[in-house]
Amino acid sequence: KWARHWMDLVRYAETYGHEFDYPIDHAFEYRDYLIRALNEDLPYDQFAIEHIAGDLLRNPRLHPEEQFIESILGTAFWYFHEATHAPTDVLSNEADIMDNQIDVLGKTFLGLTISCARCHDHKFDAISTADYYALTAYIHGSARQEYPLDVGRAREKTRAKLEELKYGIDGSQSAALPTRNSPSDLMVVEDFSAGAIPEGWSTSGVAFAGGGTEAGLRFDPDLPFTVPGTIDSGIYGREQVGTLRSPTFTITEPNLHILLQGESVDVRLVIDNYQMAKFSGLLFRETDHKNVDTKGKFRWIRMSGDLNKYVGHKAYLEIVDQKNGYAILDEVRFSKEAIAPPIPKREPVPAHTDSSVAAMNEGLRLVAKLPTPRFAVAMAEGTRENAQVYVRGSHRSLGEEVPPRFLEALGGEQGTRLDLAHQIAHRDNPLTSRVMVNRIWHHLFGRGLVSSVDDFGPMGQTPTHPDLLDWLASDFVDQGWSMKKTIRDLVLSSTYRQASASHPYVSPGHLAEVDPSNELLSKMPVKRLTGEAIRDSILAVSGQLDPVRYGPSVATHRTAFMTGRGGRESGPLDGEGRRSLYGAVYRNFLSPFMLTFDVPSPFGP
C-alpha cells in the first residue's frame, strides 16, 4: 500500500511512453526494493539518501537474504521519466528530461517547485535560476547504468578465489607476450598501456579488470592468457558480467575508433546523456554496436555515422558485457578520416604448464556455478562537472557557470551527490521531515495538514494546524525517522478514531460556519477507496488472490480498444491473481480498470 503511494510520487512506469513505448528494463526491481524498505521500516533519512545517492555509499545496505547491494536500487527513481527515440534536438531533449528529474526531486523530498526556475528566477519561492542549474550539474556528472545484482555475493567471491589461483601462475609466462607497440598517427583518447583501469574510468559489476603489463592467467580455454596493456572483461570467466565506462570527454573529430577483441558485447557512445540510441539508430547512426563479435581477433570498431554532427558535444563510452561474452579493450582514438590505423601484431599466446592447466580447470569449475545474471536500473557516478545556466531556458544561450550545490536558501553547500543527499535528509533541513509526515497524514486522513502536499512554498496552502505539523516533524526525527511509528501514532489517535458523523452535541450550524470543509477535523472524513484496494478486495473475497510477493510484473490485459505502436502481448484478464501492485505500468497502455478508479498518472509528480 505505502509502496504504491511512493511509486505514484516518482512517476513509476515500465515503459517510456511516446510513439513506441520502449521498455524501462528491470523497473520491477525498484518496486520490490520499495516494498522491502517500507516493510523493514527503513529510516526515512536513509531512504532518501539511498534514492538520491545510493550508488555512492561507502557501506551500502545489503539485501537481508540474497546479500546483493540494496541501497543502489533507490537511485532508479531518477530514470522513470518519459523518453522518445528520436528527438529533433538532443540537447533540448536532455534539458527536458533534467527538468522532469529536478521536478520530481524537489516536490517529492522538499515540497518545492524547483523546476519553475528553469527559465527565470522563481517568482514566488527563494529559488534562483542558478540554483536550478546547480542541481542539474549533479545529473550532468552522473550516468544511467544497468547494475548487476550479485546475488549471494557469488560473483565477488568467485573473482576473489580466481585471483588466488592466478597469483600462483602469473609471472611464470611473463616473457612470452610482450606489450604491443601502437601506431601514433591518430589522437589517443586512451591506450591502456599500464594494463590497469585508468583514473576516471569506472566499472559496474566485477567482470572488467586490467590485463597487467605481463601475460597472466585468464579463465577461458580459448584465450588462456591475458593481453598486456589492455582492459579485459573475461579474465575471471565469460560468465562474469559488467560495464566499463569512460570519463566524459568532448567529441573533437568525426570518427572514433575502438580497438578490441570480443564476443557478444555492446559498444556504445552515449552522447549528451541520450539513452535511447540502443532502441533506434535514427538519431545516432553507428554509435551503438550490439553483439560485437570480432571472431577471436583484434579489430577496430568505428563510431561514425552522424558523429560529425556532434563535434563539440560531450559523450562517454561504454563497453557492456552482459551476455556470457568478453571484451578485451586495447585503444581508443579519434581521427578525421574513416580509415583506422593498422592493427598491432602480437606474439602467439604462451603454452600452458601443468600448474596453469590445473588452475584453469579449477577456475572454470567455479565460474560454471555462477547464477544467471540479474540487473537493475540505477544511477552511476560519472565525471563531475559544472553546469551552465541556460538563459531563458534555452540550451543555445549559455550563461554563467555554476558548480554542483544545494539551494542557496537551504545552505547552498557544494559537494558530491552524496553530500546533496545528506543535506536534503539532514534533521536540520526544515522541509524534509515536514513534507513526509504531511504525506502520511494526507494518506490517512484524505487531506494533508498542508493540503498542497507537493508545494510548501508561498503559493502552497498554509497548514491548518501549524503547531501540530511542527510537533509531528520533530517527533518523526526523534523516533529515528520511523514511518511505521508515525503511522501507528496517528491511527491510534482519537482524531483518527472519530466517527464520520459529527458529534450530536455539536451544532451543525456552528460547524457550517467555522469549519464548512472539515479542515479542522471535527469528524473523520469519508475517503474513497483506491483502484488497487477495490481490485484486490474482489480477488480476496473470491479466493483468487495470490499472496506471492516480488518478481517481474504481470502484463496488462489489452482490450480491443487498446491499440497503437509499442503494444505488448496481452496479459491475463485476472492479472494472474496478483495484487494490483504487481501489474505492469505501460505508459501507452494503462489498465482500463485502474484508470476507471482514477489511478495517478505516471507522467509526473
Side-chain angles (χ1 to χ4, degrees), residues 10-11 13 16-19 22 24 52 75 77-108 110 112-123 125 127-144 248-251 269-280 282-284 287 306 309-316 377 379-380 382-407 417 420 587 602-605:
V10 299
R11 79 289 191 221
Y16 285 111
H18 288 278
E19 190 174 3
Y22 286 116
I24 302 176
I52 298 166
T75 61
F77 96 98
W78 289 102
Y79 299 110
F80 291 131
H81 52 74
E82 296 177 83
T84 181
H85 68 283
T88 56
D89 185 331
V90 69
L91 277 175
S92 177
N93 177 77
E94 180 192 31
D96 290 342
I97 288 175
M98 288 192 299
D99 180 80
N100 178 263
Q101 291 170 316
I102 296 299
D103 193 38
V104 172
L105 174 74
K107 289 178 178 177
T108 299
L110 298 169
L112 293 177
T113 54
I114 300 173
S115 64
C116 290
R118 174 180 175 179
C119 303
H120 50 72
D121 291 349
H122 203 298
K123 291 183 178 180
D125 295 1
I127 302 172
S128 66
T129 305
D131 278 336
Y132 173 87
Y133 286 98
L135 290 176
T136 69
Y138 292 106
I139 303 174
H140 282 299
S142 302
R144 183 188 186 279
T248 300
F249 55 85
T250 300
I251 299 172
L269 184 64
V270 181
I271 303 172
D272 293 331
N273 272 329
Y274 183 70
Q275 301 290 333
M276 302 296 286
K278 68 178 183 178
F279 296 113
S280 170
L282 285 176
L283 193 62
F284 295 117
T287 61
D306 292 328
K309 299 178 183 178
Y310 296 96
V311 171
H313 289 235
K314 293 180 178 179
Y316 61 87
V377 62
M379 183 171 266
T383 302
R384 187 178 179 184
E385 57 184 273
N386 294 338
Q388 283 187 286
V389 171
Y390 292 170
V391 179
R392 303 297 299 170
S394 173
H395 62 281
R396 294 188 176 91
S397 181
L398 301 181
E400 66 174 308
E401 189 173 283
V402 289
R405 61 165 174 78
F406 197 25
L407 304 176
R417 185 161 36 88
L420 172 69
R587 278 195 166 101
F603 294 93

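Heavy atoms only: backbone and side chains are in, while hydrogens, waters and symmetry mates are out. Throughout, residue positions are numbered sequentially from 1 according to the sequence presented.
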Q: Could you tell me if the ring centre of Tyr274 sits under 6.0 Å from that of Phe284?
A: yes

Q: Start with the C-alpha distance between Glu82 and Ile97, add both sets of side-chain angles, then the distance that settles side-chain contact (heavy atoms from CB on, under 4.5 Å), and finish with yes or no.
A: CA-CA 8 Å; Glu82 296 177 83; Ile97 288 175; over 6 Å; no

Q) Tell me, do Arg392 and Ser397 make a side-chain contact under 4.5 Å, heavy atoms counted? A) no

Q.
In this structure, is the centre-to-centre distance between the rings of Tyr16 and Tyr22 below 6.0 Å?
A. no

Q) How long is the span from the NE2 atom in His85 to the CE atom in Met276, to the nearest 0.5 Å? A) 8.5 Å

(Q) Under a 3.5 Å cutoff, is there a donor and acceptor pairing between the side chains of Asp272 and His313? (A) yes

Q: Measure across Ser115 and Asp99 and return the closest heavy-atom pair with its distance rounded to 0.1 Å.
A: CB-OD1, 3.4 Å

Q. Are the side chains of Ile102 and Ile139 in touch, meaning some heavy atoms are under 4.5 Å apart?
A. yes

Q. With a 4.5 Å heavy-atom cut-off, do Val389 and Tyr132 have their side chains touching?
A. no

Q) OH/Tyr310 to CD1/Ile251 distance, rounded to the nearest 0.5 angstrom? A) 9.5 Å

Q: Working to the nearest 0.5 Å, report the span between OH of Tyr79 and CD of Gln275.
A: 7.0 Å

Q.
One pair to check against side-chain contact (heavy atoms from CB on, under 4.5 Å): Leu110 and Leu105. What are the steps and the verdict?
A. CA-CA 8 Å; Leu110 298 169; Leu105 174 74; 5.9 Å; no

Q | Heavy-atom pair of closest approach, residues Pro602 and Ala13 | A | CB-CB, 4.2 Å

**Q.** Gap between atom CG of Leu398 and atom CD of Gln388 - 0.5 Å precision
**A.** 4.5 Å

Q) How far apart are the closest heavy atoms of Ser128 and Ala117, and which atoms are they? A) O-CB, 3.6 Å

Q. Are the charged groups of Asp96 and Arg118 less than 4.0 angstrom apart, N to O?
A. yes

Q. Hey, is the main chain of Val90 close enough, under 3.5 Å, to the side chain of His395 for a donor-acceptor pair?
A. no

(Q) Using a strict threshold of under 4.0 Å (side-chain N to carboxylate O), is an ion pair present between Arg11 and Asp103? (A) no

Q. So, do Val377 and Arg144 sit near enough that their side-chain heavy atoms are less than 4.5 Å apart?
A. yes

Q | For Thr84, all residues meeting side chain to side chain contact (heavy atoms under 4.5 Å, CB included), sequence neighbours excluded | A | His18, Pro87, Asn93

Q.
Let me confirm one number: the SG-CG distance from Cys116 to Asp121, rounded to the nearest 0.5 Å.
A. 12.0 Å

Q: For the residue pair Ile52 and Trp78, establish whether any side-chain heavy-atom pair is separated by less than 4.5 Å.
A: yes

Q: List the steps and the verdict of side-chain contact (heavy atoms from CB on, under 4.5 Å) for Ile271 and Leu269.
A: CA-CA 6 Å; Ile271 303 172; Leu269 184 64; 4.1 Å; yes

Q) When rounded to the nearest 0.5 angstrom, what distance separates CD in Gln101 from CD1 in Ile114? A) 13.0 Å

Q. Can you find a side-chain donor-acceptor pair between Ser142 and Arg417 that sits under 3.5 Å?
A. yes

Q) Would you say the side chain of Tyr316 lies within less than 4.5 Å of the side chain of Asn273, judging by non-hydrogen atoms? A) yes

Q | Lys314, NZ: over 12 other non-hydrogen atoms inside 6.0 angstrom | A | no

Q) Would you say the side-chain atoms of Thr129 pair up with the backbone N or O of His120, donor to acceptor, closer than 3.5 Å? A) yes

(Q) If you define the side chain from C-beta out and look only at heavy atoms, does anything of Thr113 sit under 4.5 Å from Asp125? (A) yes

